[in-house]
Every structure is written in structure tokens, then in C-alpha cells.
A.B. asks: 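Would you mind keeping the following structure in view while I ask a few things?
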Number of protein chains: 2
Amino acid sequence: MSEVIALFTRASKLLRGAADRAVSQHGVRLGQNLVLEVLWESDGLTPGEVAQRLHVSTPAMVQAATRMEAAGLLTRRRDPDDARLVRLYLTEHARSIREPMQAARAELHRRATARLSPDELRHLRSALTKIIQEFAEDPPDEDHAAEDSQG
Amino acid sequence: MSEVIALFTRASKLLRGAADRAVSQHGVRLGQNLVLEVLWESDGLTPGEVAQRLHVSTPAMVQAATRMEAAGLLTRRRDPDDARLVRLYLTEHARSIREPMQAARAELHRRATARLSPDELRHLRSALTKIIQEFAEDPPDEDHAAEDSQG
DNA sequence: GGGATGTCATTAACTAGTTAACGATAACGC
DNA sequence: GCGTTATCGTTAACTAGTTAATGACATCCC
């Protein structure tokens, strides 16, 4: 049908597949690397906090944590001050793969934008941001925002 | 991180959620409407054929067919000429919701592109097509292609 | 015509997400 | 201090996708 949403779906799936293959080389599954990226920045978050940052439900994060625990990527520890809370701590191994994983992410980004001119890339970011704004209640994650700044 | 891939993922998820809510009103789940759209056009395809058109695996389509059969949306019938094949036929009910479902899809499209100028929309389609070309072995579904023709 | 090969759908086991229900623990009100 | 309420993580049941293994049926070739 070649309409925007169909193109979007297709591109999204292809990107997802490429990302999965990329991170799999380091024994990590797609989605797990997003958790890693959050915890590399701030270790010891709770499942709920990570879920919120990744825009997924808490149960999804709990299940991911269980798998990642089994894979030796993180450990759960009860918060000593509030026994309702669980805190997620990365293992030494998870910290050790930070560099190569980030290199893989950079390479994926390079490839995704390979056929786009800087101008097209700027347009794309702008369009994506507008779509996000249309559908999100929360504003679209303005770390150092993409708005119209041609970073 | 506000980089293109992150924006992409976020937009994709939001679009997916909006699409799910839209089709749910008609008792259909996300993904099922894609199957419906294929079968509305050509009823009686095999699971493998539908899977190929939707770029999903055959088992995924088989499972979707099972759920859709349980939901009264389609029936399976063995091909009389080749007993390996199963053919999927829509029920009367599935055919009856074609119009409202397509209206919902149009509305979703309208909303997704609400904040984009025609020029931005054209840029977006072009960029998405280029990303698809970068990652797909198959060319990106050229029904009446989006390439650079400013339809 | 009958055995090797190919082509289907299906099942199994998995990742990954959802909502709803549950259970433990804090925190608040009195 | 103790019951109610709120806040966590977890589990359960589901949709939706993947790859790998099965099994039924065609086809090819001899």
C-alpha cells in the first residue's frame, strides 16, 4: 500500500531485526541492550524506574530482569530502606560489554542513515518528533532535544 | 538519547498503540487487521502467501490464523487440488467490518501526518524508503512506489 | 510405481510486550 | 499502635513475533 504507516512499519521491523543481529553477537537480546544502556548510566534503579524510562510496562521490565538475571547480566537486591523496592545492579560482565555494544549501536545508526543527506536526516528527526508529539501525552524525551537544532 | 533510532522506536510504538486502540473497537487485534487487509483484496490465500505479503514468518501467520478462526474472522479449508495447502477464507463478519476498519486506518493516517506539511510528508516517505532499501534484500513493496515521485 | 527430495502447515520453545489480579510493605489517619 | 490506603514487584493469561523440528503430501526420477 506504500503509505506512510506501512513504510513506517516495514522500516521499523527491518531496523529491529538489524539491531537484534547486532547485539546478539555480544550475547545480548534486543530490548536487553536498552535496559543495559539505562543501567550503564545509573546502576541500581528499580524495575519500575527502568520501565518508565524505556516506556514499557513494569511487568515487561520485571520479566526482562528475570531473563537478564538468568543470563548473568544483572542481579536483584532488595532495597534496605524500603523492602517494597528491588534494585537492579549490573554484573561485571554487563559492564565489560559496554564499549563494544555502544560501537554496535553507532554502526547501526551509521547504516540506518547511510543513504540520507544531513538535510534529510534533519527532516526525518523533525517529522518523527512531530509524530511523537501527536500521539504521546508525555513530551518526546528531551535530553538535549532534536526539535529543530541540526545537531 | 534523542537519536534517530530512539525517535524511531518511540514513534513506532506510539503508532502501534494508537492502531491497536483503533482496531480494537471493532473486535480485531493489531496485526489481524493487516491479515484482513490482505484477504479483503484476495480471499483464499494460503498462510504462507499471506505471511510473505506481510513480511512475517509462516508460523506467525499460522498462529494468527488460529486466533482469527477462534474469533470468527476466518475459516481454514484444505485445498482440494493440493492437500498440503490450507486456504484462508474470511467469514461474512470479517467482510462486514471492512468499511469501518478502513475508515479507522484512514483516520490513523490522518492523525499521524496531522502535524506534517505535504513537503515534510514527502521527505518522510523518501527517508523511510531509503532506510528500507538499506536493510531489505527485497525492494520496498513498490505497488505504485513512493520513490521520488511526488505523488 | 516407488523411493528420495521438496514444499507445505503445524507445533514447540523461546523473547517481548500488554492488562489484570495478587501480595507484601510503607505511610497515613486517628 | 492499628486499620486503611497507596505503592511497589511479581505472577498469570494473553497477543505477536522469532527459529527449529515435525509430519503430511507432491513431485521428480528412475
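Every heavy atom of this structure was used, including side-chain atoms; hydrogens, water molecules and symmetry mates were not. Below, chains carry the letters A, B, ... as their sequence lines are ordered, and counting in each starts from 1.
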A.B. asks: Kindly point out which of C:dT10, C:dG17, D:dT10 is positioned nearest to the side chain of A:Gln63?
C.D. replies: C:dG17
A.B. asks: Between C:dT18, D:dA20, D:dA16, which nucleotide gets closest to the side-chain atoms of B:Pro59?
C.D. replies: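 For B:Pro59, the side-chain atoms sit closest to D:dA20.
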A.B. asks: What's A:Val56 touching, base or sugar-phosphate or nothing? Going by heavy atoms closer than 4.0 Å.
C.D. replies: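 Sugar-phosphate, no base atom in range.
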A.B. asks: Name the closest nucleotide to the B:Arg84 side chain, picking from C:dA12, D:dC25, C:dG17.
C.D. replies: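 Within the option list, the nearest is D:dC25.
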A.B. asks: Where the side chain of B:Thr58 is concerned, which of D:dA16, D:dG9, C:dA9 is the nearest nucleotide?
C.D. replies: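 Taking heavy atoms from C-beta onward, the closest nucleotide is C:dA9.
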A.B. asks: Taking the minimum atom-to-atom distance to the side chain of A:Lys13, which one of C:dG17, D:dG9, D:dG17 wins?
C.D. replies: D:dG17
A.B. asks: Count the heavy atoms belonging to other residues, nucleotides or ligands that lie under 6.0 Å from CD of B:Glu120, then report whether that count exceeds 12.
C.D. replies: yes
A.B. asks: Would B:Arg98 and B:Glu37 satisfy salt bridge (charged side-chain N to carboxylate O under 4.0 Å, His left out), going step by step from the backbone distance to the final call?
C.D. replies: CA-CA 8 Å; B:Arg98 179 172 186 174; B:Glu37 275 174 38; over 6 Å; no
A.B. asks: Within this structure, what is the CZ-to-C1' distance between A:Arg67 and C:dC14, rounded to whole angstrom?
C.D. replies: 9 Å
A.B. asks: If we ignore angles and hydrogens, is there a donor and acceptor under 3.5 Å between the side chains of B:Ser117 and B:Arg122?
C.D. replies: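 On atom types as modelled, these side chains do not qualify, holding no pair under 3.5 Å.
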A.B. asks: Ignoring the backbone of B:Val86, work out which of D:dT19, C:dA9, D:dG9 is nearest its side chain.
C.D. replies: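 Comparing D:dT19, C:dA9, D:dG9 against the side chain of B:Val86, the answer is C:dA9.
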A.B. asks: What integer distance in Å separates B:Leu34:CG from D:dA16:P?
C.D. replies: 10 Å
A.B. asks: Hey, are B:Ser12 and A:Arg16 close enough side-chain-wise for a donor-acceptor pair under 3.5 Å?
C.D. replies: no
A.B. asks: Between A:Asp79 (CG) and C:dA26 (C1'), how many Å, whole number?
C.D. replies: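 After rounding, the gap between these two atoms is 12 Å.
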A.B. asks: Give A:Arg21 one of three labels, base, sugar-phosphate or nothing, depending on what nucleic acid heavy atoms sit under 4.0 Å from its own.
C.D. replies: nothing
A.B. asks: How many whole angstroms separate atom CG of B:Leu30 from atom P of D:dT15?
C.D. replies: 13 Å
A.B. asks: Answer with base, sugar-phosphate or nothing: what part of the nucleic acid does B:Ala83 contact at a heavy-atom distance below 4.0 Å?
C.D. replies: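 B:Ala83: backbone/sugar contact only, no base atoms under 4.0 Å.
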A.B. asks: Using a heavy-atom cut-off of 4.0 Å across all strands, would you classify A:Gln32 as base, sugar-phosphate, or nothing?
C.D. replies: sugar-phosphate
A.B. asks: Once you round it to whole Å, what is the distance between C1' of D:dT15 and CD of B:Glu69?
C.D. replies: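 After rounding, the gap between these two atoms is 17 Å.
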A.B. asks: DNA chain D: A:Leu85 or A:Thr66, which has the more 5' nearest nucleotide?
C.D. replies: A:Leu85
A.B. asks: May I ask you to check if A:Arg77 and A:Tyr89 form a cation-pi contact, with NZ or CZ under 6.0 angstrom from the six-membered ring centre and within 45° of the axis?
C.D. replies: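 Judged by the rule (NZ or CZ under 6.0 Å from the ring centre, within 45° of its axis), A:Arg77 counts as positioned above A:Tyr89.
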A.B. asks: Once you round it to whole Å, what is the distance between P of C:dG17 and CE of A:Met61?
C.D. replies: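 Those two atoms, CE and P, are 9 Å apart.
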A.B. asks: So, is B:Ser57 near the phosphate of D:dG17, with a side-chain N or O under 4.0 Å from OP1 or OP2?
C.D. replies: no
A.B. asks: How close or far is atom C1' of D:dT10 from atom CE of A:Met68, stated in whole angstroms?
C.D. replies: 18 Å
A.B. asks: Using heavy-atom distances to pick each residue's nearest nucleotide on DNA chain C, tell me which of A:Arg78 and A:Arg16 is more 5'.
C.D. replies: A:Arg16
A.B. asks: Between C:dT10, C:dT15, D:dT11, which nucleotide has the shortest distance from any of its atoms to the side chain of B:Arg76?
C.D. replies: C:dT10
A.B. asks: If I take atom CG in residue A:Asp20 and atom C1' in nucleotide D:dG17, what distance separates them, rounded to the nearest angstrom?
C.D. replies: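 Answer to the nearest Å: 11 Å.
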A.B. asks: Give A:Thr46 one of three labels, base, sugar-phosphate or nothing, depending on what nucleic acid heavy atoms sit under 4.0 Å from its own.
C.D. replies: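 Sugar-phosphate contact only - A:Thr46 comes under 4.0 Å of backbone atoms but never of a base.
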A.B. asks: Does atom CD of B:Glu49 have more than 12 heavy-atom neighbours from other groups under 6.0 Å away?
C.D. replies: yes
